[in-house]
Amino acid sequence: MIGEANLDEGGLSGEDFRRLAELAPDAMLAHRAGTIIWANQAAADLVKAELSSLKGRAIFDFVRPEDRASLAAAIAKTSLDQRAVRYLHKAVRTTGEVFEGEFRRWPIGGDVMLVVLRDLTEERQKRSAELRARAFFEMTNEAIGISKNGVQVEMNTAAARLLGFDHPSDVVGRSVLDMLDASEHERIRDYIVRRTRGDAVPNSYEALARRRDGSTFLADLKFTTLPEGDERLSVVVVRDIGALRAEEAQRRHAEKLEAIGRLAGGVAHDFNNILAAILASAEAAAADVPPGSAAHECLDTIEEATRHARDLVRQILAFSRREVPRRRPLGLSSAIAEALALVRAAIPSTVTLDVHLDEPGATVVADPTEVQQIVLNLTANARDAVGASGRIEVALALLSRDEAPAALGGPCARLRVRDDGAGIDEQTRAHLFEPYHTTRAERGGHGLGLAVVHGLVGSLGGVIRVDSAPGQGATFDVFLPLTSREVESVAAPLPAAAGGSEHLLLVEDQPLVRAATERMLRALGYRVTTAGDGAEALERYRAAPAAFDLVLSDVTMPGLSGVELARTLVREFPSVKVILCSGYSVEMDEAQVRAVGVWALLPKPVERNALAAALRAALDRPLGR
């Protein structure tokens with residue numbers, strides 16, 4: 001027996017103990033007064049020494065020099081103690097390598113001590129790694145859960161918080177399926193069975209997760225497995241990707257709107273060129289037809305229709321957000337009435353549209369297109385609500401300071417759009433103005449109309465409210481602050497402007513527009529030379545700069561644009577006078593082209609009197625401007 005073993009310098013008695021000790025996997029040695037008298041092979045391997053070299057060496061040879069005094073004191077203090085004693089010291093191999101050493105000492109007879117030495121480095125590293133993993137598991141913002149056979153065995157705080165629980169312990173023991181919407185149960189149950197079985201299954205899923213309060217969110221689930229004996233643990237990282245998907249949808253929709261805007265710009269340019277040719281030709285023909293005749297009345301109708309078409313193109317550009325809002329004091333009654341003129345064509349004849357707009361004092365600061373967007377979106381929402389038949393009311397009222405919402409801080413105008421449709425429940429109302437939230441996706445609804453209204457009203461300093469309940473229709477009230485500034489009067493038609501005899505260089509790439517504009521200019525008395533593009537115009541002007549009094553150019557042309565042409569001419573010939581005409585340009589506004597040296601920017605189609613007035617203003621003004 002070990003307690004009866006007797007060790008001396010000549011050897012170790014007790015064959016059973018010796019055989020066991022020499023074969024033991026743990027490093028073992030015996031020492032007397034600090035001198036090693038026996039060691040097993042495991043001890044030699046641990047300190048990287050030959051077994052035969054250990055006998056007779058001091059045990060302190062395998063302890064760091066700075067730790068030897070403390071180890072000697074500990075041994076001396078416990079030398080008479082017959083119990084097992086444990087010391088922790090930095091141990092040293094014969095190679096000089098230091099490791100975390102654990103010394104366990106037992107008295108085995110007389111003054112002989114048996115020491116079991118262990119390297120704790122790997123164990124401590126493993127423990128440190130476990131602690132780091134535990135800290136990450138608890139402190140990370142990533143929601144992580146661990147399950148076994150479909151039952152939660154562990155979950156971190158982030159996961160509990162994401163699922164609406166107060167503490168991870170509230171989730172442990174629950175089925176994984178409890179955290180998912182019922183529509184996902186069959187699919188995820190099959191996945192869990194296959195994964196537990198070790199089958200090849202995807203490591204990532206998107207599923208509808210369910211919080212403790214019953215609300216749901218779109219979740220990205222990433223799985224991995226960890227072995228635990230003969231079974232497997234499933235580790236899942238959960239992310240709420242609902243907001244991400246909404247952002248992606250918003251980005252895609254914004255890209256679509258941008259593409260539509262570019263298309264609208266191209267269409268506007270081409271359409272305005274056509275309108276320019278029509279308007280110039282109609283005005284030129286009207287000058288040769290007796291006033292009051294049937295032909296003159298027809299030409300007047302063509303001119304008026306062309307102007308309406310021009311305004312329609314400008315509205316299209318505004319709706320596609322290709323023009324910057326130009327806010328000014330605006331009569332709300334007339335702006336709403338203009339919008340409703342477009343609305344009536346989109347509302348079935350079986351739907352009654354009641355309009356009450358008699359409020360001449362309702363003046364706000366806004367761009368007409370902003371008001372039109374508000375009216376169009378609210379009435380479109382009402383039209384969808386009433387369906388094939390029903391009633392929509394659009395009314396304008398003035399409210400005193402006491403009647404207005406407190407946030408406005410003064411009197412306001414209230415635009416009310418009311419329908420007698422199916423109404424809106426409380427849950428839908430809570431998300432009504434969120435982008436891409438729609439209850440009419442099957443009918444092409446994109447969930448942007450009311451979000452646009454909300455944004456516009458807020459940017460105008462107003463407030464929007466909705467009152468609705470299932471079966472009681474819906475009422476949308478838009479409150480906009482009033483202004484004391486006077487409405488800008490509509491410019492009176494320009495009087496017939498005088499022409500002139502100066503020599504003009506007309507630059508236009510569209511043959512129809514070029515011919516019609518040339519006829520108009522010649523009818524005003526001007527001498528005209530034409531060029532089909534910017535490069536040709538530059539060549540003609542360079543050849544005889546003194547021959548031309550003014551350059552009248554289109555903006556958008558292939559090759560050298562009107563803006564580039566103007567910039568080049570002004571740089572080479574500082575006395576040149578340039579007027580640009582634009583069917584549509586997103587690159588420059590009037591202030592920017594003036595900075596280039598252009599005298600004026602005229603929108604196409606340009607009316608005869610407006611063009612004549614602009615030409616005379618530029619030609620009659622001295623170069624100093």
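This one's a predicted model, so the numbers in the text were calculated from it and none came from an experiment.
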For D213 and S215: C-alpha separation, side-chain torsions, deciding distance, then whether side chain to side chain donor-acceptor pair (under 3.5 Å) applies.
CA-CA 6 Å; D213 60 6; S215 62; 2.7 Å; yes

Would V371 and L456 satisfy side-chain contact (heavy atoms from CB on, under 4.5 Å), going step by step from the backbone distance to the final call?
CA-CA 9 Å; V371 174; L456 285 173; over 6 Å; no

Give a yes or no on whether the backbone of R514 and the side-chain of T517 come within a donor-acceptor separation of less than 3.5 Å.
no

Strictly distance-based, threshold 3.5 Å: is any side-chain N or O of T363 a donor or acceptor partner for the main-chain N or O of T483?
no

Residues in salt bridge (charged side-chain N to carboxylate O under 4.0 Å, His left out) with D549, at least two apart?
none

Are L601 and S582 packed together at the side-chain level, in the sense that at least one heavy-atom pair is separated by less than 4.5 angstrom?
yes

Which value, rounded to the nearest 0.5 Å, describes the distance between S553 atom OG and L504 atom CG?
12.5 Å

Which atom pair, heavy atoms only, marks the closest approach of F479 to C412?
CD2-SG, 3.9 Å

Worked check of side-chain contact (heavy atoms from CB on, under 4.5 Å) between M179 and V238
CA-CA 11 Å; M179 270 62 81; V238 185; over 6 Å; no

Minimum heavy-atom separation for A158 and E142, please, with both atom names.
CB-O, 3.5 Å

Taking atom CG as the centre, does L512 end up with more than 12 heavy-atom neighbours from other residues, nucleotides or ligands that are less than 6.0 angstrom away?
no

What is the distance from atom CG of L376 to atom CZ of R383, rounded to the nearest 0.5 Å?
10.0 Å

So L460 and V364, do their side chains get closer than 4.5 Å, heavy atoms only?
no

Residue set satisfying side-chain contact (heavy atoms from CB on, under 4.5 Å) with A339, at least two apart, ordered chain then number -> Q372, V375

Mind checking what makes salt bridge (charged side-chain N to carboxylate O under 4.0 Å, His left out) contact with D477, not counting sequence neighbours?
R416

Kindly give the heavy-atom pair with the smallest separation between L396 and S333, and that separation in Å.
CD2-OG, 3.4 Å

Which residues satisfy the salt bridge (charged side-chain N to carboxylate O under 4.0 Å, His left out) test with E403, sequence neighbours excluded?
none

Atom pair CG/CE of L163 and M155 - distance to nearest 0.5 Å
5.5 Å

Is there a side-chain contact between L330 and P368 (heavy atoms, below 4.5 Å)?
yes

Measuring only between side-chain heavy atoms, which start at C-beta, is L357 closer than 4.5 Å to L340?
yes

What pairs of residues pass the salt bridge (Lys or Arg N to Asp or Glu O under 4.0 Å) test when at least one of them lies in residues 354-364, not counting sequence neighbours?
D354-R391

Which residues pass the salt bridge (charged side-chain N to carboxylate O under 4.0 Å, His left out) test with R211, not counting sequence neighbours?
D240

Could you state the interatomic distance from CD1 (I241) to CG (L218), rounded to the nearest 0.5 Å?
4.0 Å

Residues R327 and E370 bridged, charged N to O under 4.0 Å
yes

Measuring only between side-chain heavy atoms, which start at C-beta, is E502 closer than 4.5 Å to R616?
yes

Any donor-acceptor N/O pair, D384 side chain to N381 backbone, under 3.5 Å
no

Please examine the side chains of V596 and V570, heavy atoms only from C-beta on, and report whether any two atoms are closer than 4.5 Å.
no

Rounded to the nearest 0.5 Å, the CZ atom of R465 sits from the CZ atom of F476 at a distance of 14.5 Å

Lys/Arg-Asp/Glu bridge criterion (N-O < 4.0 Å) met for K604, E508
yes

Backbone of I144 reached by a side-chain donor or acceptor of N156 within 3.5 Å
yes

Start with the C-alpha gap between R210 and T216, add the side-chain angles, then the distance that decides, and say whether side-chain contact (heavy atoms from CB on, under 4.5 Å) holds.
CA-CA 4 Å; R210 180 174 295 276; T216 58; 3.9 Å; yes

Verify the distance criterion only: is there a donor paired with an acceptor across the side chains of D402 and S400 at less than 3.5 Å?
no

Basic-acidic side-chain contact under 4.0 Å: E393, R418
yes

L550 and I579: side-chain contact (heavy atoms from CB on, under 4.5 Å), yes or no, with the steps?
CA-CA 8 Å; L550 184 142; I579 291 178; 4.0 Å; yes

Closest contact, heavy atoms only, A382 versus V417
CB-CG1, 4.3 Å

Closest non-hydrogen atom pair, L482 against G361:
CD2-O, 4.4 Å

Do L415 and L480 have side chains that get closer than 4.5 Å, going by heavy atoms?
no

By the definition side chain to side chain contact (heavy atoms under 4.5 Å, CB included), identify the one residue from L552, V551, D554 that meets it with L506.
L552

Indicate the atoms forming the closest heavy-atom contact of S281 with A516, along with that distance.
OG-CB, 3.8 Å

About how many Å separate CD1 of I347 and CG of L353, when rounded to the nearest 0.5 Å?
4.5 Å

Looking at G409, is its backbone amide N or carbonyl O close enough to the side chain of R401 to form a donor-acceptor pair, meaning the two atoms are under 3.5 Å apart?
yes

